[in-house]
Amino acid sequence: MKNVFDILDERGYIEQLTHPQEIKQLFAKESVPFYIGIDPTADSLHVGHFVSLMVASHMQRYGHKPIILVGGGTATIGDPSGKTDMRKMLSKEDIEHNVACIKKQVEKFISFEGENAAIIVNNADWLLDLKFVEFVREIGSLFSVNKMLAAECYKQRLETGLTFFEMSYMLMQSYDFLYLYNKYGCKLQMGGNDQWSNIIGGVDLIRKIGKDDSFGLTFKLLTTKEGKKMGKTEKGALWLDPEKTSPYEFYQYWRNIEDSSVDNVLKMLTFLPIEQINELANLKDEQINEAKKIAAYEITKLIHGEEEAKKAEEASNALFNGQGSLENMPTVELDSTPLSLVDAIVLTNIAPSKGQARTLINQGGISLNDEKITDINYQISDKDFSTGYAILKKGKKIFYKLQKKNMD
RNA sequence: GGGUAGGUGGCCGAGUGGCUAAAGGCGGCAGACUGUAAAUCUGUUCUCAUUCGAGUACGAAGGUUCGAAUCCUUCCCUGCCCA
């Protein structure tokens with residue numbers, strides 16, 4: 001059997017490793033319990049977590065045991081890494097709700113049954129009961145403040161201010177690793193590269209207490225060529241929850257990525273064989289659109305299932321190539337006609353306010369049934385529904401199907 | 001605890017009594033060009049009413065003034081230096 005290490009490597013997941021040689025040998029030698037942490041700061045995962053789950057899935061396929069740590073305890077603090085401001089704290093109820101939602105999404109990637117079944121743990125279970133003095137004496141004494149301050153993740157914060165509260169985040173994450181090491185024999189922590197400092201904190205902690213088989217690995221963050229984080233949309237993050245980001249929008253996001261990201265996205269976010277990916281990524285110019293279609297389809301399938309992926313693909317074909325049915329595009333029902341175009345735009349959330357709806361119309365960004373409309377007083381009436389529905393379009397890529405509620 | 005500099009629209013950052021819904025940049029959106037790409041150029045970017053206009057907004061609450069983001073008072077928060 002191939003070593004997962006090579007898989008992770010050839011697919012470009014790996015950014016940094018604490019002990020490259022040893023980690024590779026470890027993978028070959030035994031089934032390694034490893035953990036990735038997820039902060040339950042929202043009730044859905046987003047693309048940022050996607051990469052972590054992909055890696056965990058690859059690892060599990062090769063016989064290693066995933067431990068998904070949900071940071072119910074640490075979320076009460078908020079990781080200061082890379083943030084310029086202290087994060088707002090979440091209530092206990094929020095966190096519990098979020099944990100439950102996250103669990104469902106994780107199940108799409110990782111099996112909780114079988115030989116190397118994954119487990120989910122919540123660090124609230126051990127962190128909340130810690131005694132302060134005890135913790136500081138036993139764990140805190142093993143951390144050098146000088147070293148921590150030198151860490152990249154704190155440097156930025158040193159300029160704007162950093163509280164002790166936030167600094168202890170690293171200690172807690174390190175303690176998590178130690179706890180999992182002791183309880184489940186967890187030897188490896190994985191995470192996004194922004195977690196590097198926290199990860200080596202844990203690796204060092206375990207080594208300081210006399211063990212030498214703790215390791216850390218970080219993945220590359222998904223970024224565009226300019227280094228912008230991927231997964232941002234005009235509405236904020238690209239969520240994995242279909243209620244927050246519809247499968248159609250999700251599909252379209254990947255369909256529209258820039259050429260230079262195709263290779264990365266295919267490798268990191270799909271399970272397509274590497275040979276096929278290399279072929280696809282080599283397509284030039286206009287042809288690379290084929291690769292994007294495949295990427296969008298595969299990624300959507302992973303998150304939302306085959307059926308939703310097909311629907312999204314079909315809707316997109318219908319809209320952009322004029323073939324196939326319009327049935328599956330996002331639809332909004334209208335109570336009554338006539339309705340002003342401005343109102344319809346706000347109703348469909350195409351624009352958040354009437355003012356913005358008007359600017360859109362004025363700038364020629366709105367069309368109805370393929371006809372550009374520049375009259376801000378336009379009233380949508382029955383004649384726009386001659387085919388039974390009306391297509392409202394913003395810009396080139398955002399479509400909504402309007403339908404009347406009571407067709408009589 | 002003492003001293004000092006600050007808190008401005010999604011972010012960064014000008015503005016120090018009326019011409020300020022507040023320069024500039026970033027980000028976002030739209031238009032042109034394209035391949036549902038990138039880059040570039042143009043427009044736009046608080047809310048309601050697009051006719052005039054009105055309402056909210058410069059950490060919070062009060063006050064001075066015909067008029068305040070700009071002045072005064074109290075409070076909250078943050079940086080830096082000293083202890």
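Computed over heavy atoms, backbone and side chain alike; hydrogens, waters and symmetry mates excluded. Chain letters run A, B, ... following the sequence lines, proteins first, then strands; residues in each count from 1.
One can place CD1 of A:Ile366 at 14 Å from C1' of B:U44, the figure rounded to the nearest angstrom. Remark: C1' of B:U36 and CG of A:Asp285 are 16 Å apart, rounded to the nearest angstrom. Here the C1' atom of nucleotide B:U36 and the CE atom of A:Met329 are 14 Å apart, to the nearest Å. If you take CD1 of A:Ile288 and C1' of B:U36, they are 14 Å apart, rounded to a whole angstrom. Here the P atom of nucleotide B:U50 and the CD1 atom of A:Ile361 are 12 Å apart, to the nearest Å. Atom CD of A:Glu258 is separated from atom P of B:A37 by 12 Å (rounded to the nearest Å). Following rounding to the nearest Å, A:Asn289 (CG) and B:A37 (C1') show an atom-to-atom distance of 7 Å. When rounded to the nearest whole Å, the span between CD1 of A:Ile257 and P of B:A37 equals 12 Å.
A:Asp263 meets the side-chain hydrogen bond (donor to acceptor under 3.5 Å, both in side chains) test with A:Lys267; sequence neighbours excluded.
Listed for the A:Asn256 side chain is a donor-acceptor partner under 3.5 Å among the backbone atoms of A:Gln252. Side chain of A:Ser246 to main chain of A:Glu249: a donor-acceptor pair is present (N/O by atom type, distance under 3.5 Å, no hydrogens or angles). Side-chain atoms of A:Gln60 come within 3.5 Å of backbone N or O of A:Ser111 as a donor-acceptor pair. Checked by atom type and distance alone, the side chain of A:Tyr179 never pairs as donor or acceptor with a backbone atom of A:Trp126 at under 3.5 Å.
OP1 or OP2 of B:C29 has not a single side-chain nitrogen or oxygen of A:Lys394 nearer than 4.0 Å. Between A:Lys397 and B:A37 there is a side-chain polar atom (N or O) within less than 4.0 angstrom of OP1 or OP2. Between A:Ser353 and B:U47 there is a side-chain N or O to OP1 or OP2 distance below 4.0 Å. Between A:Arg358 and the phosphate of B:A49, there is a side-chain N or O to OP1/OP2 separation shorter than 4.0 Å.
Of the candidate nucleotides B:G35, B:U36, B:U50, B:U36 has the atom lying nearest to any side-chain atom of A:Phe320. For A:Thr359, taking side-chain heavy atoms from C-beta onward, the closest of the listed nucleotides B:U36, B:U44, B:G35 is B:U44. Distance from the side chain of A:Lys372 is smallest for B:A32 among the nucleotides B:U36, B:A32, B:A30. For A:Ile376, counting side-chain heavy atoms from C-beta on, the closest listed nucleotide (B:U50, B:A32, B:G35) is B:U50. Side-chain proximity of A:Lys396 to B:U36, B:U34, B:C29: nearest is B:U34.
Across B:C29 and B:G17, the matching C1' atoms stand 36 Å from one another, rounded to whole Å. Straight-line distance between the P atoms of B:U78 and B:C71: roughly 23 Å, to the nearest whole Å. Look at the P atom in both B:A61 and B:U51: the space between them is 34 Å, to the nearest Å. A gap of 16 Å separates the P atoms of B:U8 and B:A23, to the nearest Å. For the P atoms, the distance from B:A5 to B:G10 is 29 Å, rounded to whole Å. As rounded to the nearest Å, B:A21 and B:G28 have P atoms that lie 29 Å from one another. Comparing the C1' positions of B:G15 and B:A57 gives an interatomic distance of 16 Å, to the nearest angstrom. Across B:C41 and B:C46, the matching C1' atoms stand 28 Å from one another, rounded to whole Å.
Rounding to the nearest 0.5 Å places NE2 of A:His58 at 7.0 Å from CG of A:Leu8. Note that CG of A:Leu240 and NZ of A:Lys104 are 14.0 Å apart. Values are rounded to the nearest 0.5 Å. Rounding to the nearest 0.5 angstrom, the gap separating the CD1 atom in A:Ile110 from the CD1 atom in A:Ile36 is 5.5 Å.
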Expected string for nucleotides 75-83 of chain B under the B/S/- scheme (protein heavy atoms, under 4.0 Å, primed atoms plus P, OP1, OP2 as sugar-phosphate) is ---SSS---

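A donor N or O paired with an acceptor N or O is found under 3.5 Å between the base of B:G43 and the side-chain atoms of A:Gln363. Taking 3.5 Å as the limit, the base of B:U50 and the side chain of A:Asn362 contain a donor-acceptor pair of atoms between them.
Looking at A:Ser340 and A:Asp343, their side chains do bring a donor and an acceptor atom within 3.5 Å of each other. Between the side chains of A:Gln105 and A:Ser44, at least one donor-acceptor pair of N or O atoms lies under 3.5 Å. Looking only at atom types and distance, the side chain of A:Arg207 has a donor-acceptor partner in the side chain of A:Ser214 under 3.5 Å away.
Exactly one of A:Tyr253, A:Trp239, A:Phe109, A:Phe219 qualifies for a ring-ring contact (aromatic ring centres under 6.0 Å, His included) with A:Phe50. That residue is A:Phe109.
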Applying the Watson-Crick and G-U criteria (both distances under 3.5 angstrom) with [ ] for crossing and | for other-strand pairs, one obtains for RNA chain B ((((((((.[[[..)..(.....]]]((((((.......))))))(((....)))...[[[[[..)....]]]]]))))))).

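Residue contacts for A:Gln356: at a heavy-atom cut-off of 4.0 Å it reaches the sugar-phosphate backbone alone, with no base atom in range. Residue A:Lys354 is in sugar-phosphate contact alone, with no base atom involved, counting any heavy-atom pair closer than 4.0 Å across all strands shown.
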